[in-house]
Amino acid sequence: SVSRIGGRAQKKVIRKLSDKLKSIIIRYHEVEKYIAFGSEVNQETLETIELGKRIYQIFNQTVSELFTYEQEVAILALVISKKILSWDVEQMHELRQQLVLYVKENPQRLKEIIEVEYTDNTESQIDDYISGFISLPTTLKPKIKEAATEAEKETIIDVLKGNPQDAIIGNLKK
């Protein structure tokens, strides 16, 4: 089948990173289902929700946007490292554009990392490359997040449950 051949045709680093991404996305969709039933949201679950939102936003691209193999690896590595949680969802597109440009202008180190045989150290080397991008003074800085009030937390939970009217009415009563 095409999927069996496609998986074998991928380089090991992409396969490993995409497997981790699949796990994150599966977890995100599981959490969405539980929230729909009115389950409580703990910190880990909230992180999963926020990560899922950012994943969908960062991978949202036009038909004409094509990425090189190195750019794909960099985007995947940024996502699975959970470093994107520092930025707001609205910043994902600009962050991705900057990362793609960074990889285009600095491809050699990343190529050296991913072209050799995959080892346990490969992902940490890619992570170091991503950290180098993040630490640049020209890289988009995360928006400063203000602590959410109890009313805002309740609103978020109600919206995730699919009851935006309940969230609005609940806030008006307070």
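Quick caveat: nothing in here was measured; it's all calculated off a predicted structure. The first residue in the sequence is number 1, and the count goes up from there.
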Considering all heavy atoms, the nearest Ile49-Tyr28 contact: O-CE1, 3.5 Å
Atom NZ of Lys83 with >12 non-hydrogen neighbours under 6.0 angstrom: yes
Stepwise salt bridge (Lys or Arg N to Asp or Glu O under 4.0 Å) check, Lys33 with Glu30: CA-CA 5 Å; Lys33 290 177 188 175; Glu30 287 173 351; over 6 Å; no
Partner set under ring pair (Phe, Tyr, Trp, His ring centres under 6.0 Å) for Tyr118, not counting sequence neighbours: none
Side-chain donor-acceptor contact under 3.5 Å, Asp128 with Ser131: no
Within one Ile-Leu-Val-Met-Phe-Trp-Tyr cluster: Val116 and Leu110, side-chain cutoff 4.5 Å: no
Transitive ILVMFWY side-chain link Leu136 to Val100, under 4.5 Å: yes
Beyond-backbone contact of Leu99 with Ile130, side-chain heavy atoms, under 4.5 angstrom: yes
Path from Ile84 to Val89 over hydrophobic side-chain contacts below 4.5 Å: no
Rounded distance (nearest 0.5 Å) linking atom CD of Glu47 with atom CZ of Arg27: 10.5 Å
Test side chain to side chain contact (heavy atoms under 4.5 Å, CB included) applied to Phe133 and Leu95, step by step: CA-CA 10 Å; Phe133 158 71; Leu95 182 64; 3.9 Å; yes
Side-chain touch Ile14/Tyr69, heavy atoms, less than 4.5 angstrom: yes
Heavy-atom closest contact (Lys143 atom, Asp88 atom, distance): CD-OD2, 3.0 Å
Of all pairs that satisfy side chain to side chain donor-acceptor pair (under 3.5 Å), the ones with a partner from residues 101-116, not counting sequence neighbours: Lys11-Glu115
Distance (rounded to the nearest 0.5 Å) between Gln61 CD and Gln97 CD: 11.5 Å
Pairwise distance CG(Leu51) to CG(Leu21) - rounded to 0.5 angstrom: 8.5 Å
Atom of Trp87, atom of Leu140 and distance for their closest heavy-atom approach: NE1-O, 2.9 Å
Distance in Å, Lys16 NZ paired with Asp120 CG, rounded so as to fall on 0.5 Å steps: 8.0 Å
Side chain to side chain, Val73 and Ile113, heavy atoms closer than 4.5 Å: no
Side chain proximity check, Val103 to Phe67, heavy atoms < 4.5 angstrom: no
Gln91 and Gln98, any side-chain heavy atoms less than 4.5 Å apart: no
Any pair counted as side chain to side chain donor-acceptor pair (under 3.5 Å), so long as it reaches residues 71-81, sequence neighbours left out: Thr68-Gln71
pair Leu85-Arg54: side-chain heavy atoms closer than 4.5 Å: yes
Atom of Ile58, atom of Val79 and distance for their closest heavy-atom approach: CG2-CG2, 3.7 Å
Min side-chain heavy-atom separation Lys20-Leu76 under 4.5 Å: no
Where Glu117 and Thr122 come nearest, the two heavy atoms and their spacing: O-OG1, 4.1 Å
Distance-minimising heavy-atom pair for Ser86 and Pro142: O-CB, 2.9 Å
Electrostatic pair Lys22-Asp19, nearest N-O below 4.0 angstrom: yes
Distance in Å, Ser23 OG paired with Ile25 CD1, rounded so as to fall on 0.5 Å steps: 9.5 Å
Connected via hydrophobic side-chain network under 4.5 Å: Met92 and Phe59: yes
Heavy-atom side-chain proximity of Leu78 to Ile134 below 4.5 angstrom: yes
Side-chain donor/acceptor of Glu123 to backbone N/O of Ala77, under 3.5 Å: no
Distance-only polar pair, side chains of Asn121 and Ser124, donor-acceptor under 3.5 Å: yes
CD-CZ distance between Glu65 and Arg96, expressed to the nearest 0.5 angstrom: 4.5 Å
